[in-house]
Amino acid sequence: MPTLSFSSKSQKFEYAVSLIKELGGEFDGVRAYLDIPDDKVIYVYEKLLDLLMIVGNWKTTVVESKGKTYNGHRFLFQTGYVIRNCYERCKSENNCGKNSQGWGCVMIGGPSYYLSGKGNYKSGYRYWYNFGKFIGDKWVIDKEALLDKLKACIENSFVDYCPLFDFKWLVNRIYNLPDYIIPDDIKFRIFSKESYINGQKIMCPVNIRHIDEPQTHLYNSLGDKIITKE
């Protein structure tokens, strides 16, 4: 359960305490506190607007949630305005954002599930398959590292407070990805970088890239063409 709290030497502090008490909060003599039930998080922002007009810019205004501390106004705005508006729109359209990233929510950034373009990028973890390492001729997918990255994206956007977001669905999607890929120069190729060993420059395999034709297509996680973009 997230908890909003603040303290201040401001002349408006006493009034802010009275507002939070009206909302069911408490004051321990130093800080004021308000517990927010998980199922109410996306609905509480409007009720707190008068309070946030006073305490929103105070450095001491924080929300503690799931063992971490966040800027109070950012947390409440993101969950109660951004996430809620997205939730209401997706609910009315009966479409929970199965967007081009492919992780079940338009709010999640990070590496993409879908493959597009020629895969000629030089750096970065743009796709799910970038998380891994070579073991022999196999590029073994590190699903735990991919999951950790997506968890960070979820945490940063507070998507897990959306009633429509299904974390178990996302985890299953990750663990249904291939365990490894053998670069065959048909669907995937080896990506190498220059390195020096004993003063001699060599090309070291460091990752893989997907392969595409000159046209732009959209692929599923196995590299099978599913949509041709105009």
Side-chain angles (χ1 to χ4, degrees), residues 1-99 101 103-111 124-125 144-171 174:
M1 178 186 298
T3 299
L4 168 68
S5 71
F6 58 84
S7 64
S8 177
K9 295 181 180 180
S10 168
Q11 294 179 347
K12 297 182 179 180
F13 179 62
E14 187 174 339
Y15 178 55
V17 170
S18 69
L19 288 178
I20 206 168
K21 285 183 175 179
E22 290 177 6
L23 294 166
E26 298 179 353
F27 179 56
D28 66 4
V30 178
R31 293 187 68 83
Y33 298 87
L34 177 67
D35 291 332
I36 307 171
D38 287 339
D39 61 348
K40 304 296 183 184
V41 170
I42 68 170
Y43 301 105
V44 77
Y45 181 70
E46 292 179 0
K47 295 179 181 179
L48 294 176
L49 279 177
D50 288 342
L51 176 63
L52 291 174
M53 289 290 290
I54 300 171
V55 309
N57 290 327
W58 293 352
K59 292 182 179 179
T60 61
T61 301
V62 299
V63 169
E64 294 181 59
S65 177
K66 301 179 181 179
K68 296 195 175 183
T69 302
Y70 303 95
N71 174 279
H73 188 267
R74 177 179 178 270
F75 178 94
L76 293 167
F77 178 80
Q78 185 70 19
T79 56
Y81 183 80
V82 178
I83 297 295
R84 182 181 177 181
N85 283 345
C86 184
Y87 163 69
E88 297 290 353
R89 181 177 64 254
C90 290
K91 185 174 66 171
S92 65
E93 296 173 357
N94 193 30
N95 173 24
C96 187
K98 301 299 187 289
N99 68 325
Q101 295 294 84
W103 303 120
C105 177
V106 297
M107 303 296 293
I108 301 176
Y125 284 59
E144 290 295 327
L146 173 60
L147 179 58
D148 286 344
K149 176 62 177 179
L150 291 173
K151 281 181 178 178
C153 294
I154 292 167
E155 181 180 295
N156 187 58
S157 60
F158 308 114
V159 165
D160 47 339
Y161 283 103
C162 176
L164 296 179
F165 179 64
D166 188 344
F167 182 69
K168 290 183 179 179
W169 179 90
L170 182 146
V171 172
I174 290 174

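Position 1 is the first residue of the sequence, and the numbers go up from there.
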Side-chain (W103) to main-chain (I174) donor-acceptor, under 3.5 angstrom: no
For the student: nearest non-hydrogen atoms of M107 and V159, plus distance: CB-CG2, 3.3 Å
Would you compute the distance between atom CD of E46 and atom CG of L52 and round it to the nearest 0.5 angstrom? 12.0 Å
Separation of C90 SG from I83 CD1 (nearest 0.5 Å): 10.0 Å
Given L19 and L48, is the side chain to side chain contact (heavy atoms under 4.5 Å, CB included) satisfied, shown in steps? CA-CA 9 Å; L19 288 178; L48 294 176; over 6 Å; no
For S8 and F13, indicate whether the former's side chain and the latter's backbone hold a donor-acceptor pair under 3.5 Å. no
Taking atom OH of Y15 as the centre, does the number of heavy atoms from other residues, nucleotides or ligands within less than 6.0 Å exceed 12? no
For the backbone of G72 and the side chain of T61, can you confirm whether one donor and one acceptor N or O come within less than 3.5 Å of each other? no
Greater than 12 external heavy atoms within 6.0 Å of M53's CE: no
Any idea which heavy atoms bring C153 and G110 closest together, and the distance? SG-CA, 3.8 Å
Would you indicate whether the side-chain heavy atoms of I42 and P163 approach each other to under 4.5 Å? yes
How long is the span from the CG atom in L34 to the CG atom in L51, to the nearest 0.5 Å? 8.0 Å
Mind checking the CD1-OG spacing from I20 to S5? Nearest 0.5 Å is all I need. 8.0 Å
Answer whether the closest heavy-atom distance between the side chains of I36 and K47 falls below 4.5 Å. no
N85 side chain to Y81 main-chain N or O, any donor-acceptor pair under 3.5 Å? yes
Please round to the nearest 0.5 Å and tell me the distance separating atom OG of S18 and atom NZ of K12. 13.0 Å
Nearest heavy-atom approach of G109 to L150 is O-CD2, 4.1 Å
Taking atom CG of N57 as the centre, does the number of heavy atoms from other residues, nucleotides or ligands within less than 6.0 Å exceed 12? no
If you take all heavy atoms of N156 and R74, which pair is closest and at what distance? O-NH2, 2.8 Å
Side chain to side chain contact (heavy atoms under 4.5 Å, CB included) assessment of N71 paired with Q78: CA-CA 11 Å; N71 174 279; Q78 185 70 19; over 6 Å; no
Shortest non-hydrogen pair, S7 vs W58, comes out as O-CE3, 4.1 Å
How far apart are the C-alpha atoms of L170 and I108, what are their side-chain angles, what is the distance that settles it, and do they pass the side chain to side chain contact (heavy atoms under 4.5 Å, CB included) test? CA-CA 11 Å; L170 182 146; I108 301 176; 4.0 Å; yes
Identify the residue among Y45, Y70, F158 that makes a ring-ring contact (aromatic ring centres under 6.0 Å, His included) with F77. Y45
Please round to the nearest 0.5 Å and tell me the distance separating atom SG of C86 and atom CZ of F165. 11.5 Å
Going through the distances and angles, do Y87 and Y161 end up as a ring-ring contact (aromatic ring centres under 6.0 Å, His included)? CA-CA 10 Å; Y87 163 69; Y161 283 103; over 10 Å; no
Are the charged groups of K68 and E155 less than 4.0 angstrom apart, N to O? yes
What are the two closest heavy atoms between F27 and A32, and how far apart are they? CD1-N, 3.9 Å
Would you say that more than 12 heavy atoms from the other residues, nucleotides or ligands in this model lie under 6.0 Å from the NZ of K59, or not? no
